[in-house]
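Just so we're on the same page: letters track the sequence lines, and every chain starts at 1.
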Amino acid sequence: MLDLRLIREQTDLVRESLRRREAEIDLDRILAEDDKRRTLQSEIDELRRQRNELAHSMKGRRPTEEERTRGRELKEREPALETELRRVSETLDAHLQEVPNLVRPDVPAGTGEDAYIEVRRWGEPRQLDFEPKDHVALGELHGLFDFETAAKVTGQKFYFLRNEAVLLELALVRYALDRALAHGFTLLQTPDLARREVCAGAGYNPRGPERQIYTIEDEDLALIGTAEITLGGIHQNEILDAESLPLLYCGLSHCFRTEAGAAGRATKGLYRVHQFTKVELFAFTHPDESDAMHEKLLTIEEEIFQGLEIPYRVVKLCAGDLGAPSARTYDIEAWMPGRGEGGSYGEITSTSNCTDYQARRLNIRFRDPGTGRPRFVHMLNGTAVALSRTPIALLENHQQADGSIVIPEPLRQYAGIDRIG
RNA sequence: GGAGAGGUGGCCGAGCGGUCGAAGGCGGCGGUCUUGAAAACCGCUGAGCGAAAGCUCCGGGGGUUCGAAUCCCUCCCUCUCCGCCA
């Protein structure tokens, strides 16, 4: 959520940001609704002032019949105005929620992959003297995934992990947790469900046609799409000590995605699924520190994939492709030899600086020691490992001519095996 | 799931129809004292909206009343005990 005052006082700045996102948002309508809301609020304030004045004037004595009548009259005029205010506020709020975050100045304008900036590449895709298999074929060869049985038991885009795939998943989790720990993160295993309000605060709308997450019938709960939701909710409605910042959390959870709208998109196997495990990095920072923290999260992500010897490139997303809460997003795209014709890069992590967008909605502030007043913190998130896509890159990059897979060194102590097949 | 107790400012905690945006303490800020620091003492110190006047907020929502942190209803949450269970 953006600050209404910012929209009001620096309309051009907001307009320019929306233009770079190519987002169609009617700011003038929002400004008009805000105007109306404030007018109504003033009228109600005036009415209440009169009511308070009357009540205070008769402290400690019995009111006369005339005063009672006057009090009743004032009270009766309020509900209509309040109803109107509520209606206007709800409309305004709904429209305000649709306004995405202000993008950082270095983010390129436009939409689509052509507008991305490739920041750097790391590692060279291996030159193979054999035809590489994709992870689905490798999984079949070694009995690692069972999509058919999962479809029978649960549905499309679910899977059973089998045998070494289970060991690999747990090893990757453990490896990622240790990396996070080394960087000073507090480890958390979070609930897999969260209140709908918290989900909405993080920018995941549990309602409406564009909902990305599952809701629980008859409960005020949703299955989380990412631990970003539960981690972000930790400090909801709190005023933090400035000295406690930055707060670094690393959360392990399952993630559930409806993938509504993604139907028909050609994605095989584990690339796009309804449930997966993920280790997520999260930071609450001082507003002046968030850009530096964003680079740090990216560095940790890169370190993780360098350790796994998976070639990748880092891209900075263009404004039009950012999620609504994000002011800047870097994706790591891993080289996937089995993807497309002759291999291609596929998204494997994503880290975003959401600045104060989520903090405003979740009401997470810190006390500024200079002024003594509360300010919104900045909130950032980044994938450590997503246990759907990381195995894809791992299996495909480390496959051998005979179809066996070499487990990269840092994972062996956790997995207890050094190869599959 | 059942019974009871409770949810108040950054934190702890009083208040139980008007004198309450809220005692007291802790913490924080400023000062006196001190070579400096600590201790002691004095003062200031909740948040939001609004250009301002002012208005709102004592878990959420609703009600009673001229007037509600205080009374009633309801929901949520926490704690204690019981039940169930991995």
Salt bridge [X]-[Y], side-chain N to carboxylate O under 4.0 Å:
X	Y	answer
Glu140(A)	Lys133(A)	no
Glu46(A)	Arg49(A)	yes
Arg195(A)	Glu197(A)	no
Arg15(A)	Asp28(A)	yes
Glu82(A)	Arg48(A)	yes
Glu409(A)	Arg412(A)	no

Does [X] put a side-chain nitrogen or oxygen below 4.0 Å from OP1 or OP2 of [N]?
X	N	value
Asn52(A)	G67(B)	no
Arg72(A)	G67(B)	no
Arg49(A)	C55(B)	no

>> Applying a 4.0 Å non-hydrogen cut-off, can you work out what Pro374(A) is touching in the nucleic acid: base, sugar-phosphate, or nothing?
In response: sugar-phosphate
Say you pick atom [atom1] in [N] and the same atom in [M]; how far apart are they, in whole Å?
N	M	atom1	answer
G24(B)	G13(B)	C1'	8 Å
C85(B)	G17(B)	C1'	47 Å
G59(B)	A5(B)	C1'	16 Å
C81(B)	G21(B)	C1'	37 Å
C16(B)	C66(B)	P	23 Å
C55(B)	G2(B)	C1'	44 Å
A68(B)	C57(B)	P	9 Å
G28(B)	C11(B)	C1'	12 Å

In whole Å, I'd like the distance from the [atom1] atom of [X] to the [atom2] atom of [N].
X	N	atom1	atom2	value
Asn363(A)	G59(B)	CG	C1'	14 Å
Arg367(A)	G27(B)	CZ	P	16 Å
Glu76(A)	C66(B)	CD	P	10 Å
Arg68(A)	G67(B)	CZ	C1'	11 Å
Glu46(A)	A52(B)	CD	P	17 Å
Ile44(A)	C55(B)	CD1	P	14 Å
Leu240(A)	G10(B)	CG	P	12 Å
Glu73(A)	G67(B)	CD	P	13 Å

>> Using a 3.5 Å limit on both distances, find every run of at least three consecutive Watson-Crick or G-U pairs that involves RNA chain B.
In response: B:1-7 with B:76-82, B:10-12 with B:24-26, B:27-32 with B:40-45, B:46-49 with B:54-57, B:59-63 with B:71-75
>> By nearest heavy atom, map Ser42(A) and Arg51(A) onto RNA chain B; which one lands nearer the 5' end?
In response: Ser42(A)
> Glu53(A) or Arg365(A): which one's nearest nucleotide on RNA chain B is closer to the 5' end?
Replying inline: Arg365(A)
> Are Arg375(A) and Phe366(A) in a cation-pi setup, meaning NZ or CZ lies under 6.0 angstrom from the ring centre and within 45 degrees of the ring axis?
Replying inline: no
> With respect to the side chain of Arg86(A), which nucleotide from G10(B), G62(B), C66(B) is positioned closest?
Replying inline: G62(B)
> Closest to the Ala55(A) side chain: G67(B), C76(B), G10(B)?
Replying inline: G67(B)
>> If I take atom SG from residue Cys255(A) and atom CG from residue Leu223(A), how far apart are they, to the nearest 0.5 angstrom?
In response: 10.5 Å
>> To the closest 0.5 Å, what do you measure between OG (Ser326(A)) and NE2 (His294(A))?
In response: 6.5 Å
>> Suppose we screen for salt bridge (Lys or Arg N to Asp or Glu O under 4.0 Å). Which residues come up paired with Glu113(A), at least two apart in sequence or across chains?
In response: none
>> As a quick check of understanding, evaluate side chain to side chain donor-acceptor pair (under 3.5 Å) for Glu164(A) and His142(A), giving each step before the final call.
In response: CA-CA 8 Å; Glu164(A) 290 95 333; His142(A) 301 293; over 6 Å; no
Table of protein N/O atoms under 3.5 Å from nucleotides 49-51 of chain B N/O atoms:
from   : atom 1 : to       : atom 2 : distance (Å)
G50(B) : OP1    : Arg8(A)  : NH1    : 3.4
G50(B) : OP1    : Arg8(A)  : NH2    : 2.4
G50(B) : OP2    : Arg5(A)  : NH2    : 2.9
A51(B) : OP1    : Arg38(A) : NH2    : 3.2

